[in-house]
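If you're wondering where the values come from, they're calculated on a predicted model, not measured in any experiment. Just so we're on the same page: letters track the sequence lines, and every chain starts at 1.
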Amino acid sequence: MFHVKHYAVIVIGGGHAGVEAAAASARLGSRTLLISLDTDKIGVMSCNPAIGGLGKGHLVREIDALDGIMGRAGDLAGIQYRLLNRRKGAAVQGPRIQADRKLYRLAVQDALKATQNLDLLAGEVVGLLVKDQKVYGVELAGDVQIHADAVVLTSGTFLNGVIHIGDKRHVGGRMGDRPSVRLAHQLGDLGLQRGRLKTGTPPRLDGRSINWDRLEHQAGDEHPVMLSFLSSVPAVRQVSCGVTHTNEKTHEVVRANLSRSAMYGGHIEGVGPRYCPSIEDKIVRFAEKDSHQIFLEPEGLDDTTVYPNGISTSLPAEVQEDYVRTIVGLENVKITQPGYAIEYDFFDPRGLTDTLELRAIQNFWMAGQINGTTGYEEAGAQGVIAGLNAALRVQGRGPKTFSRTDSYLGVMTSDLISRGVTEPYRMFTSRAEFRLSLRADNADQRLTQSGIDLGLVHEGRAHAYHRKMELVEAGRADLDALQLTPTELQARGVKISKDGVRRSGLAVLAIDGVARGVLDDLAPTFASLPEDIRQQIITDAVYAQYTDRQKVAADALQRDEAVAIPSDIDFRSISGLSNELVVKLVCNKPATIAAAKQIEGMTPAALILILARIKRDGVKRAG
Amino acid sequence: MDTIYALASARGRAGVSVLRISGPLAFETVRGLGVETLPEPRRAALRRLSDETGPLDDALVLLFQKGASFTGEDVAELHVHGSLATISAVLRALSKMPGCRLAEAGEFTRRALENGCLDLAQVEGLADLIDAETESQRRQALRVLSGAIGRRADGWRRDLIRAAALIEATIDFADEDVPVDVRPEVNALLDTVLLDLRQEVAGSRAAERIRDGFEVAIVGAPNSGKSTLLNALAGRDAALTSDVAGTTRDIIEVRMDMGGLAVTVLDTAGLRTTDDPVETLGIERAVQRAKQADLRVFLDDGNPLSLGPIENDIVVGAKADLTGVGVSGLTGQGLDQLVQDITKYLQTLSGQSSTITRERHRLAISNAIAHLESAQDELISKAKDEVAAEALRHGIFELDLLVGRVDVEDLLGEIFSSFCIGK
Ligand SMILES: Cc1cc2nc3c(=O)[nH]c(=O)nc-3n(C[C@H](O)[C@H](O)[C@H](O)COP(=O)(O)OP(=O)(O)OC[C@H]3O[C@@H](n4cnc5c(N)ncnc54)[C@H](O)[C@@H]3O)c2cc1C
């Protein structure tokens, strides 16, 4: 055996979860090691070359607000920017980019190399070192052990990964990578609740064989909105995507070969996401539709590969070629890599605490796809939570948790740990009940200060944030000092009824359809601010009207979240609880009253009994 | 922290009913009910409660200060006359107070616990009680939901899920193959549900009456034979009858079955002007109660009254034993006809009843209506989809008890089964 090294935190896996976890832990000042099968593949985008979107864009902004990597790396690689829902309200706008795969991967690797306290290591982790239900390190293939005070596992789709193309299958973590089998075994032996999920990806096309002239094109936004709060303009040349459609002929080919699809041929047991159906699924489930849209997305500036978004499949390779060639513009297309489906293990996230630490084993966190989620953004966001908390533990500091009321990070954590997953979990804005206050535009206002307080945010960003907030507050104060009567406002062309109410400048600019500059002569400070700051002030004011209403509900929830249920509570000994509830409580182990409330069948009376027990135990402990 | 209120004594007709208000605005709320001088804490005092429609009741008001109350917060107890009409009226007035809402099941106890006012043993003792309460509420909800209201609620649920899913689809899947303009369909769905909900509220009074009983007041001058009539109807000596005018000072209630409907017949003080302050008070209260009843039977003996019949009220000649026409409690003359007339009218009323039966339901539906209307307004006239979605969510939340909880998974399920999502 080699000599044993020691790190504060080890992160296993260099996917999007692992990258953020390692970076967060290192930013917090803990000596961190990131181990991945192949360090050149750190930051690889396994599937579509896009980052952000609705809900997902919100997550990217939150990662960025905590000084994570995804937003900045994305902006260095963005070859097309689109703000989704541009015409709707700011609360439901999500920034999205098309990324140059290679540039993204390199930007991530550069960011890691520039991070202090962080080492990278290529290798396969084959086991965790566990003693007394505590993790103290990892074992690598080749009989190497490395010790650590905390370990974060982010092995993605690699655990017992099986790749399906038609009726052919082979083991693999993703195309071109071997799976993690030994580690999967050991985790199984630890008694963790395991499940099987699947996801798919479309064939990749050679862009030089596409007849672009026959296609519609979709360009990016004229005024690109960046992923990161620190970026201002795209870093590289911008491109457009092609748009085409499937047709009756395509559907015929697919229908005729359904039995040869891995999924329809019954070769796959895992559950796939409803929102990411394969072309087989689309044609079976929506038989009445005679055409489906496909976006042809370039994978990079100096890369001829094209990602046809909308036709993921697990049909045999030759059928893939047949159906793709029925599509306008793709008549002579060459497939460079066939589409495939992948099945993999995940662990029931209900076994995790609200910092994503495993309850069964101490000092061990899990983040990313292994928890049943899908998507880079979901993985990255969990990485931040897990890496941050692993480092906090090692440093002997209290945990940092996120709430449904302050972030999508909180929404995702709470959904995962209290409800578990039945299909790969993806973020949507509709999952956030406080959507009007959890906006992409105010992620920094919601999170950055807490990141600064923790020491998670580097000086440059902290400075930029403080500077921004000074301007925002100056502008707000300027507008707040104004008191305008309806008559004065009407004289300025503001459409308003004569209700005799004096309004502050903020309230005026929050009214629908009022021009941004209408009070500029009265509010010189506000008038002199940069456009983006002015917009921020107005957006905040517009939503303040509704967020006041949300506040009551948010306060109630926060109160419930603040009441922790000790992990050693014995639900069985609480008389008055029904057996059914005891079973659910024992197996769900809610960490707070808020989590207990989410359990199906929970009654107010039962909550009161639990509360009473917490109080009594609390008194005993204190006494 | 909200201020909460609820009926603390058992529901149903009783001599006295206790309404409890707890929270920072508890005392303020009592003031809001027209009580100008609050009694000293822990000293009961008689006060007149009123709202903008006029007096509600004369109630015993009892205040407990923060730290010395059941919940640990400022608490006010209102001991009101235990008639259903009075309780409903006061609850309704409370629901309009700012910062005040109906307590959730077990919420008083929970506050008591959080404020350290109960120990575990007490709570465990109470839990049985609450269990009984919530269990019976649950059973009641189930019972109600399994019948007519259940079928209606299923329809609302379907429509609301569909409406919410349509809006959410255009928000969360903006870059997918989803319909661009869902407004007409959402609007139509909301119209349908709103129409039903408004009908429910309109008919809720009758429904409440079917459950709790209709009130019929016998009105007449002193000594016009009201009490004798009541006794004849009830078949026992319910009211104290004598020849001395003004014997019936308080309101006497007798519950009976008329044509299958539960009916409470009220015998009110004889209406006349008098110098006796106690009797004056009785008369005022009689007028008030008579006005609130579902039907009034006027015994006309030719004397002028301070209260006149309104549409559908029944006017009959008093003491038919002496005059030969009308009704007589003494001889039973005209009694059958009177009972028939009363029953017929009450049956018409009950025919208009809606399926909701509780003040809690009515309140929830009224709130839901307000939210759904605002959702329509935000969507159609302001094109603020995300705000409309929020209002719709609040509306559904209010209807939770009736339609069951609508989870985000329900919305996603509807979206994924209706539209082909996934690029
Ligand atoms: C075929 C396919 C299709 C997909 N389709 C979609 C889609 O349509 N939409 C969508 O949003 N997302 C999709 N995804 C998911 C997306 O790629 C993942 O959600 C995301 O990459 C998960 O990030 P992660 O960090 O959890 O894991 P990964 O990105 O999978 O990274 C795992 C990392 O762990 C390393 N590793 C694994 N085991 C070990 C070990 N034992 N020792 C050392 N290192 C190890 C690997 O080398 C790898 O670097 C798809 C993924 C695949 C593979």
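Heavy-atom distances place both the backbone and the side chain of B:Glu386 under 4.5 Å from chain A. Heavy atoms closer than 4.5 Å to chain B are found in the backbone of A:Ala432, but not in its side chain. In this structure, chain B has a heavy atom under 4.5 Å from the side chain of A:Arg419, while its backbone stays farther away. Of the two parts of A:Arg285, only the side chain, counted from C-beta on, holds a non-hydrogen atom closer than 4.5 Å to a non-hydrogen atom of chain B. With a 4.5 Å cut-off on non-hydrogen atoms, A:Ile283 does not touch chain B at all.
Taking 4.5 Å as the limit, some side-chain heavy atom of A:Asn85 sits within range of a side-chain heavy atom of B:Ile171. For the pair A:Gln545/B:Val387, no side-chain contact is recorded, criterion being any heavy-atom separation below 4.5 Å from C-beta on.
A donor-acceptor pair is defined here as one N or O able to donate and one able to accept, closer than 3.5 Å; such a pair exists between the side chain of A:Lys88 and the backbone of B:Thr170. A donor-acceptor distance shorter than 3.5 angstrom exists from the side chain of B:Asp172 to the backbone of A:Thr429, with no hydrogens or angles considered.
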Derivation and outcome, side chain to side chain contact (heavy atoms under 4.5 Å, CB included), residues A:Phe434 and B:Glu390: CA-CA 9 Å; A:Phe434 302 109; B:Glu390 172 82 8; over 6 Å; no
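Applying the side chain to side chain contact (heavy atoms under 4.5 Å, CB included) rule to B:Asn367 yields the partners B:Leu363, B:Glu398; only residues at least two apart in sequence or on another chain are considered. For B:Ala165, the side chain to side chain contact (heavy atoms under 4.5 Å, CB included) partners at least two apart in sequence or on another chain are B:Glu414, B:Ile415.
The line from CD of B:Glu378 to CG of A:Asp512 is 8.0 Å long, rounded to the nearest 0.5 Å.
Between B:Glu168 and A:Ser430, the shortest heavy-atom contact is OE1-CB, 3.2 Å.
When the shell of 6.0 Å around NZ of A:Lys495 is examined, it contains 12 or fewer heavy atoms from other residues, nucleotides or ligands.
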